[in-house]
S.K.: 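This is the structure I have questions about; it appears just below.
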Amino acid sequence: MPYPNAVDAPEAAQCILATVRAIAPGQVAGYGQVARRAGLPGRARLVARVLASADDPGLPWHRVLRSDGRIALPRGSPAWHEQVRRLRAEGVQVDDGRVRMPRGQGTLDAALWGPD
DNA sequence: GCGCTGACGCGAT
DNA sequence: CATCGCGCCAGCG
């Protein structure tokens, strides 16, 4: 747990960004997962807000999905298409706005970073 | 200060 | 599976 439990500090955003950048290409993670890993359990919504306001062009925001593997953005929106495009470009199999889980691994949680 | 809204999550139906 | 409802947090009018 490299990060402190800062909730009301701009540092929280940094922890989140760092965590998102830590996601390897071709891999994906859930908002809640990112939040937990960033030391901010239960702050999935905060993660979403940080990504939405982040201006870093190199940020792999497209690798962050809902816990059920679905893209969080409004279906069909420009950003939605963009996310699908980027994911596919990394070899991630996306089917109708939802990421194909590798072999019935219930949700992202268990499939990728698993139970920390 | 108040209520609405949303790149969320989870259990119940 | 697809939906619904409710809890949760932060920004905005």
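Side chains are part of it too, since the values below use all heavy atoms of this structure and drop only hydrogens, waters and symmetry mates. Keep in mind that this is a model prediction, so the values were computed, not measured. Per chain, numbering begins at 1; letters A, B, ... match sequence-line order.
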S.K.: Which of residues 70-81 of chain A sit near DNA chain B, with a heavy atom under 4.0 Å from it?
M.R.: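 A/A72, A/L73, in order of number.
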
S.K.: Just how far is it from atom OG1 of A/T19 to atom CZ of A/R36, taken to the nearest 0.5 Å?
M.R.: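 Those atoms lie 12.0 Å apart.
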
S.K.: Listed by chain and number, what are the side-chain hydrogen bond (donor to acceptor under 3.5 Å, both in side chains) partners of A/E82, not counting sequence neighbours?
M.R.: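 A/R85, A/R86.
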
S.K.: Nearest to the side chain of A/A44, heavy atoms from C-beta on, is which of B/dC8, B/dC10, B/dA7?
M.R.: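 For A/A44, the side-chain atoms sit closest to B/dC8.
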
S.K.: I need the full list of side-chain hydrogen bond (donor to acceptor under 3.5 Å, both in side chains) pairs touching residues 50-59 of chain A, with sequence neighbours left out, sorted by first then second residue.
M.R.: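 Qualifying pairs: A/R21-A/D56.
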
S.K.: Rounded to whole angstroms, how far apart are CZ on A/R43 and P on C/dG11?
M.R.: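 From A/R43 CZ to C/dG11 P: 13 Å.
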
S.K.: Tell me which nucleotide among B/dG9, C/dA2, B/dC8 gets nearest to the side chain of A/R98.
M.R.: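 Ranking B/dG9, C/dA2, B/dC8 by closest atom to the A/R98 side chain puts C/dA2 first.
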
S.K.: Tell me, please, which residues at least two apart from A/R98 pass side-chain contact (heavy atoms from CB on, under 4.5 Å).
M.R.: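 By the side-chain contact (heavy atoms from CB on, under 4.5 Å) rule, A/R98 matches A/R70.
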
S.K.: Taking A/V64's backbone N and O only, do any of them form a donor-acceptor pair with A/Q83's side chain (distance below 3.5 Å, no angle check)?
M.R.: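 Yes: the side chain of A/Q83 pairs with the backbone of A/V64.
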
S.K.: Quick one: A/L51 CG to C/dA10 P, roughly how many Å, whole number?
M.R.: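 Answer to the nearest Å: 15 Å.
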
S.K.: Considering every strand and a 4.0 Å limit on heavy-atom distances, what is the contact class for A/R49: base, sugar-phosphate, or nothing?
M.R.: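 It contacts sugar-phosphate atoms only.
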
S.K.: Determine the stems involving DNA chain B; a stem requires 3 or more consecutive pairs of the Watson-Crick or G-U wobble kind, each with both distances below 3.5 Å, and the answer is none if no such run exists.
M.R.: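 Expected stems, ordered by start: B:2-6 with C:9-13, B:8-13 with C:2-7.
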
S.K.: I'd like to check the salt bridge (Lys or Arg N to Asp or Glu O under 4.0 Å) partners of A/D95; sequence neighbours left out, ordered by chain and number.
M.R.: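 None.
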
S.K.: Between B/dC10 atom C1' and A/R45 atom CZ, what is the distance in whole Å?
M.R.: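 Result: 13 Å.
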
S.K.: Restricting to side-chain contact (heavy atoms from CB on, under 4.5 Å), what partner residues turn up for A/R88, sequence neighbours left out?
M.R.: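 side-chain contact (heavy atoms from CB on, under 4.5 Å) list for A/R88, sorted by chain: A/V84, A/V94.
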
S.K.: Residues in side-chain contact (heavy atoms from CB on, under 4.5 Å) with A/R66, at least two apart?
M.R.: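 side-chain contact (heavy atoms from CB on, under 4.5 Å) check on A/R66 returns A/D68, A/A72.
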
S.K.: May I ask you to say what A/G32 touches in the nucleic acid, namely base, sugar-phosphate or nothing, with a heavy-atom cut-off under 4.0 Å?
M.R.: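 Result for A/G32 = sugar-phosphate.
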
S.K.: Would you mind reading off the distance between A/W61 atom CH2 and B/dC8 atom C1', rounded to a whole angstrom?
M.R.: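 Rounding to the nearest Å, CH2 of A/W61 and C1' of B/dC8 are 17 Å apart.
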
S.K.: Kindly write out the residues that satisfy salt bridge (Lys or Arg N to Asp or Glu O under 4.0 Å) with A/E90, not counting sequence neighbours, or none if the list is empty.
M.R.: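 Checked A/E90 against salt bridge (Lys or Arg N to Asp or Glu O under 4.0 Å); matches are A/R63.
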
S.K.: Nearest whole Å is fine: how far is B/dG11 P from A/D68 CG?
M.R.: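 One finds 13 Å between P of B/dG11 and CG of A/D68, rounded.
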
S.K.: Check side-chain contact (heavy atoms from CB on, under 4.5 Å) between A/A54 and all other residues, then give those that pass, not counting sequence neighbours.
M.R.: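 Testing A/A54 for side-chain contact (heavy atoms from CB on, under 4.5 Å), a comparison that skips the adjacent residues, returns A/L17, A/L59.
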
S.K.: In whole angstroms, how far is the P atom of C/dC8 from the CZ atom of A/R36?
M.R.: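 For the pair A/R36 CZ and C/dC8 P, the rounded distance is 19 Å.
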
S.K.: Whole-Å distance between B/dG6 C1' and A/Y31 OH?
M.R.: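 Taking atom C1' of B/dG6 as the reference, OH of A/Y31 is at 11 Å.
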
S.K.: Look at the side chain of A/R43 and the backbone N and O of A/P41, then say whether any donor-acceptor pair between them is shorter than 3.5 Å.
M.R.: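 Pair found, side chain donor or acceptor close to backbone of A/P41.
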
S.K.: Distances under 3.5 Å between protein N/O atoms and the N/O atoms of nucleotides 1-5 of chain B, please, pair by pair.
M.R.:
none

S.K.: Please check the phosphate of B/dC8 (OP1 and OP2 only) for any side-chain N or O of A/S67 closer than 4.0 Å.
M.R.: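 No, no such contact exists.
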
S.K.: Whole angstroms only, please: what is the CG-P distance between A/L40 and B/dG9?
M.R.: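 Distance check: A/L40 CG to B/dG9 P gives 14 Å.
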
S.K.: Let's go through A/L65 and A/L87 carefully: what are the C-alpha distance in whole Å and the side-chain angles of both, what is the deciding distance for side chain to side chain contact (heavy atoms under 4.5 Å, CB included) to 0.1 Å, and is it a yes or a no?
M.R.: CA-CA 11 Å; A/L65 314 164; A/L87 286 173; 4.1 Å; yes

